[in-house]
Chemist: 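Okay, here's the structure, questions in a sec.
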Amino acid sequence: MGVSSAVAIQELLEGRAPAKKPGGSALLSGLGARLTRASNLLSPSHRDPLPTSVPGLDRLLAGGLPRGGLVELASARSSGRFSVAIAALAATTSSGESAALVDLGGHLDPQAAVAAGVELTRLLWVRPHRVKEAVASAEMLLATGFSLVVVDLGLAPVRGRFVPDAAWLRLGRTARSRGAALLLSTPYRLAGHAADAVVAMESSSALWCGTGGAPRLLEGLSSRLTLQKYARARSGLSEAVMLSVWEVPHVVIPSAARHPGLLRHLPGKVRDPSSLRSSG
Amino acid sequence: MLEGNGNAARVVAASRKARKSGIEPGMTLPQARALVPKLIARGRDRACERAAQQALLEVAETFSPRVEDAGEGVVYLDLDGHPRLLPLSAGDGRPLFSLSKGGAHAALSPLTLPSPPAGARGDSEAPSRVARDALSLPPLPAGEGRGEGRLLPLPAGEGRGEGHSRLASLARDILHAAEKGSLPARVGVAASKLAARIAASLPDTPTVVSEGSESEFLAPLPLEKLAPEMEIAAALERWGLRTVGDLARLPEGEVASRLGESGRALHATARGIDPRPLEPYLPPPAFSEGMDLEWPLASLEPFLFVGHAALERLVRRLEAQALACARLEVALKLDPDGHDVRAISLPAPTRDVKTLLTLVRLELEARPPGAAVAGFSFAAHPDQPRRAQLSLFGPAALSPDRLATTIARLAALLGAERVGSPSTVDGHVPERFALTGYAPPPPPNARVPPPQGRGLLGVRVLRPPVPLEVIVDSPDLPAGGVGSLPPLPTGEIGSPPPLPAGEGRGEGRAIPPRPISLKSPPDSTPPISGAVRVAAGPWSLEEGWWSESPADRDYWDVELANGGLYRIYRDRGAGSWFADGVYD
């Protein structure tokens, strides 16, 4: 293609008629209607994200886990990371899609998963021994066509953590080529620049019923999600997440935020104003 | 011969002597014993019947390559082109043979089918010659129900007498061959399957029905021989018809107008017309590939290189039959002598060569053969591959073939017990789980929006539980001003039922010790250590006290001062502490 043709195409894209008609302008004009900037082309990761049913995470990721993308969720223990992974599996399987969990520590409790809404018949549970096996398993599962593959690397320290960066790149590329969502749940950041999105999760505190000398009862966990990296959103955004021990229906009390004394005696879900907003 | 248990057992077959005493198939055992108190009852042995059927098929195959397995002890064989009948082929019609085993009747008689139109088979001068070999199971004692061969009068014609005697001689040879295999059999020879089958059911054996005399042969027989439907049989009985000939003499159109299509077909049968062709028995294909090597192989890679080609050929053959490999048997011929045979079961039928080769590699690496390999063979046990209907508007379904391959590879990589679909198990012990084969249901026809999240706090189950060294406070003096609850009723962990005020606080019961510090062994995973900031509990769990491994535990939820929310328990039997879950 000559320089004049390139200039003509540029002008077509900018909506301006070419100042000087080059040779073959009729053909270019015909093509111009169908020409699109490459940067405007939607990549698979920008279409139809996979909701996780965790409102805070869905808001951070603009609707859910991007299909064809690798999302790394990194946090220390007892911050709710595993609960978020289970919630994502529940959302995927309950909408009729197949999902796989690569569970390095074999931590899944099927009874709790059912309570969280996971359809076990649509869930493939893989329990590798080592990180390398987990990565190899995830690649096979992505290539098979699972809509969501969750790789949970368990609790720190991760045994055999020296996985080359190329492995994570390869995982991300496989997810992209298959249009599958890959959620990497790690105790600390491992995937490096291969991750399309990185979300850090920090535990604020455990919520207990009872104070002082009164008997205690675990109610739930309050945590915070912080977006550290994502091409489609500003990093640094954060969302609160409230996780409850009990399965209770969402209760919307408009004046809840103004009566913390009342909230203390209610189940955990209605104690967080952000949770109220998300449910309402 | 009985089928069933106890008094509900029904007679399925009986010897001639028993039948003469009034015992009929369908009677219960008490009914039969009422007629013959000294009745000898035997249970039906289906494996033995299958073996007898297979033996009869093998006998038939020694006389003809075209054999039909009609089941229930009946075998048909095609004698067209048999060397002993070749001189009769020209202009001799289409004799059919039927061999029957084990019944009370035996007969061999020639019948002929209506001749096909000239040139229809490209050889009007030598029409096909079909023999039918009928086996009636269960077998009866040898020697029973057999009589001398009875030859029906043949129509006059040149060479007919000689051809008839040759057919009868051949039928007798079939009988003798069956007897050598301990199969008391009966033989009927005819030009159609129906006539041959009926000829084999007659008392005398062998019976040869000559060509063109089917209706004459069938005419004196009772109508039950044609096995009409119950409604038609009742109608024919009302009409006063008793024999096949009575029905054959009726006008076909009138019978069809009154009895419908079934009646018309029965009328044609009564006239000896049976257009059903012989359906040759095809032995199950043996999918096996292998080779003898020019020199023995002692290392794995060269063997896999050679084996890859054999597996590819094997898979291509399976693919041609729309089958997949469900089990692979590897037979190795060792140098200088010896064999090593091993079987590889696959979680799901697959046709993926790479997967099969990986499985072979892992199997041989796990258990290397004791000597160099001088030859090998792969035998595949075929099965139907999994199929799925793809959805147009719903979520995409997984490709069954690809899924089976992936599961097989994962099972080879990790072990079959580490791949599958989790399932719940009744009980209360938190670490319980079961694993089943992964077979997801088809996706819905339309996309379903995910329901609202339940926001539940999950627990990472630690399998096995992490042993802990726990420092507890004094039972009488709660440490740190933290109150404690007496043990609550047994229930699900994490969801204790709320206690009404005053309930459960047993009078005079000792307050259980409260953990104030935890420490796991240095090499434990995950390491757990720290002072307890908050502890809630205990919740009692008792399960399986009648079993060898009972669970009798006091559970606590503890939050450590340095972070971490754990579920720990104290084994009341041993007094030791464990962490079996991390809230996460």
Side-chain angles (χ1 to χ4, degrees), chain A residues 51 53-54 76-83 86-87 91 94-98 105-117 120-128 133 136-137 140-141 144-145 147 155-156 203 206 208 212-218 220-221 242-247 269, chain B residues 394-396 398-399 402-403 406 409-410 413-414 418-425 430 432-435 438-441 443-444 447-463 478 481-485 494-496 525-526 534-536 557 559 563-565 582-584:
Chain A
S53 74
V54 178
R77 70 181 70 174
S78 296
S79 56
R81 171 163 52 95
F82 195 61
S83 304
I86 296 296
S94 59
S95 61
E97 300 192 54
S98 297
H107 294 310
L108 179 71
D109 179 2
Q111 288 74 223
V114 169
L120 295 183
T121 53
R122 297 189 189 278
L123 175 67
L124 179 63
W125 187 24
V126 180
R127 296 180 297 148
E133 289 177 351
S137 304
M140 284 185 223
L141 294 167
T144 305
S147 301
L155 302 164
S203 170
W208 297 92
R216 299 294 184 90
L217 201 59
L218 180 64
L221 194 69
M242 185 75 181
L243 300 165
S244 171
V245 170
W246 291 293
E247 184 182 354
K269 270 195 182 168
Chain B
L398 296 171
S399 162
R402 195 180 294 167
L403 177 63
T406 299
R409 293 181 66 188
L410 287 173
L413 180 68
L414 310 172
R418 302 187 78 85
V419 181
S421 182
S423 61
T424 57
V425 180
R432 68 191 188 279
F433 76 95
L435 208 60
Y438 184 65
R447 288 190 180 275
V448 182
Q452 195 174 28
R454 302 180 187 180
L456 283 182
L457 176 60
V459 182
R460 291 180 182 272
V461 180
L462 300 177
R463 301 185 179 98
V482 177
S484 64
L485 281 174
S495 58
T525 305
V534 184
D557 291 331
E559 182 183 4
L565 195 57
V582 182
Y583 288 99
D584 189 12

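Just so we're clear, the structure is a prediction, and the values are computed from it rather than from any experiment. Chain identifiers are assigned alphabetically (A, B, ...) following the order of the sequence lines, protein sequences preceding nucleic acid strands; residue numbering begins at 1 within each chain.
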Chemist: Can you list the steps and then say if B/Arg463 with A/His107 is a side chain to side chain contact (heavy atoms under 4.5 Å, CB included)?
Modeler: CA-CA 7 Å; B/Arg463 301 185 179 98; A/His107 294 310; 5.7 Å; no
Chemist: So which of B/Gly420, B/Pro451, B/Pro444, B/Gly563 has the biggest tally of heavy-atom pairs under 4.5 Å with chain A?
Modeler: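 Highest number of heavy-atom pairs under 4.5 Å: B/Gly420.
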Chemist: Using a cut-off of under 4.5 Å for heavy-atom pairs, which of B/Gly394, B/Ser399, B/Ser423 has the most such pairs with chain A?
Modeler: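 Heavy-atom pair counts peak at B/Ser423.
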Chemist: Within the 4.5 Å heavy-atom criterion, are A/Thr121 and B/Pro440 side-chain neighbours or not?
Modeler: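 A/Thr121 vs B/Pro440: side chains apart.
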Chemist: Enter the distance from B/Arg447:CZ to A/Glu97:CD here, rounded to the nearest 0.5 Å.
Modeler: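 These two atoms lie 5.0 Å from each other.
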Chemist: Taking A/Leu108's backbone N and O only, do any of them form a donor-acceptor pair with B/Arg460's side chain (distance below 3.5 Å, no angle check)?
Modeler: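 Side chain of B/Arg460 to backbone of A/Leu108, a donor-acceptor pair under 3.5 Å: no, none is there.
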Chemist: Of the backbone (N, CA, C, O) and the side chain (C-beta and beyond), which part of A/Val54 lies under 4.5 Å from a heavy atom of chain B, both, or neither?
Modeler: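 No part of it gets close to chain B.
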Chemist: Count the heavy-atom pairs under 4.5 Å between each of B/Leu414, B/Asp584, B/Thr424, B/Val448 and chain A, then report the option with the highest count.
Modeler: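 Maximum pair count with chain A is reached by B/Asp584.
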Chemist: Using 0.5 Å steps for rounding, measure from the CG atom of A/Leu155 to the OG1 atom of B/Thr525.
Modeler: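 That separation rounds to 9.5 Å.
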Chemist: Hey, does the side chain of A/Thr144 reach the backbone of B/Leu403 with a donor-acceptor pair shorter than 3.5 angstrom?
Modeler: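 Checked: no pair found.
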Chemist: With distance as the sole test, does B/Arg418 use its side chain to make a donor-acceptor pair with the main-chain N or O of A/Gly106 at under 3.5 Å?
Modeler: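 Not at all, since once roles are kept as given, no pair shorter than 3.5 Å links the two residues.
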Chemist: Which one wins on heavy-atom pair count under 4.5 Å against chain B: A/Ala112, A/Gly220, A/Ala113, A/Ser79?
Modeler: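 The answer is A/Ser79.
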Chemist: Check for a donor-acceptor pair, side chain of A/Ser244 on one end and backbone N or O of B/Gly455 on the other, with a separation under 3.5 Å.
Modeler: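 Side chain of A/Ser244 to backbone of B/Gly455: no pair is present.
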Chemist: What distance do A/Leu221 atom CG and B/Leu456 atom CG have between them, rounded to the nearest 0.5 Å?
Modeler: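 It comes to 12.5 Å.
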Chemist: Checking B/Val419 against chain A: side chain, backbone, both or neither under 4.5 Å from a heavy atom?
Modeler: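 When you check distances to chain A, atoms from both the backbone and side chain of B/Val419 fall under 4.5 Å.
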Chemist: Where do A/Phe82 and B/Val459 come nearest, in terms of heavy atoms and distance?
Modeler: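 Looking at all heavy atoms of both residues, the closest pair is CE2-O, 3.8 Å.
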Chemist: Chain B heavy atoms under 4.5 Å from A/Pro51: which part of the residue, side chain, backbone, both or neither?
Modeler: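 The side chain, not the backbone.
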Chemist: Sub-3.5 Å donor-acceptor pair from the side chain of A/Ser95 to the main-chain atoms of B/Pro450, do we have one?
Modeler: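 Flag not set: sc A/Ser95 to bb B/Pro450 has no pair under 3.5 Å.
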Chemist: Quick one, B/Leu413 with A/Ser137, criterion side chain to side chain contact (heavy atoms under 4.5 Å, CB included). Give me CA distance, side-chain angles, the key distance, then yes/no.
Modeler: CA-CA 9 Å; B/Leu413 180 68; A/Ser137 304; 4.2 Å; yes
Chemist: Given heavy-atom pairs under 4.5 angstrom as the criterion, report whether the side chain, backbone, both or neither of A/Ala206 touches chain B.
Modeler: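 Both backbone and side chain.
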Chemist: Which bit of A/Ala87 comes within less than 4.5 Å of chain B, counting heavy atoms only: side chain, backbone, both or neither?
Modeler: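 The answer is neither part of A/Ala87.
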Chemist: Within this structure, what is the OH-CZ distance for the pair B/Tyr583 and A/Arg77, rounded to the nearest 0.5 Å?
Modeler: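 That separation rounds to 15.5 Å.
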Chemist: Roughly how far apart are A/Leu124 CG and B/Thr406 OG1, rounded to 0.5 Å?
Modeler: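 Here the interatomic distance stands at 9.0 Å.
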Chemist: Which atoms of A/Ile86 come close to chain B, meaning under 4.5 Å heavy atom to heavy atom: side chain ones, backbone ones, both, or neither?
Modeler: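 Answer is neither: A/Ile86 stays 4.5 Å or more from chain B.
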Chemist: Say whether, by atom type as modelled, one donor and one acceptor occur between the side chain of A/Ser83 and the main chain of B/Leu457 under 3.5 angstrom.
Modeler: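 No, A/Ser83 side chain to B/Leu457 backbone: no donor-acceptor pair under 3.5 Å.
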Chemist: Measuring only between side-chain heavy atoms, which start at C-beta, is A/Leu217 closer than 4.5 Å to B/Asp557?
Modeler: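 Side-chain contact under 4.5 Å: no.
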Chemist: How about B/Tyr438 and A/Trp125: are their ring centroids closer than 6.0 Å?
Modeler: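 Ring centres of A/Trp125 and B/Tyr438 not closer than 6.0 Å.
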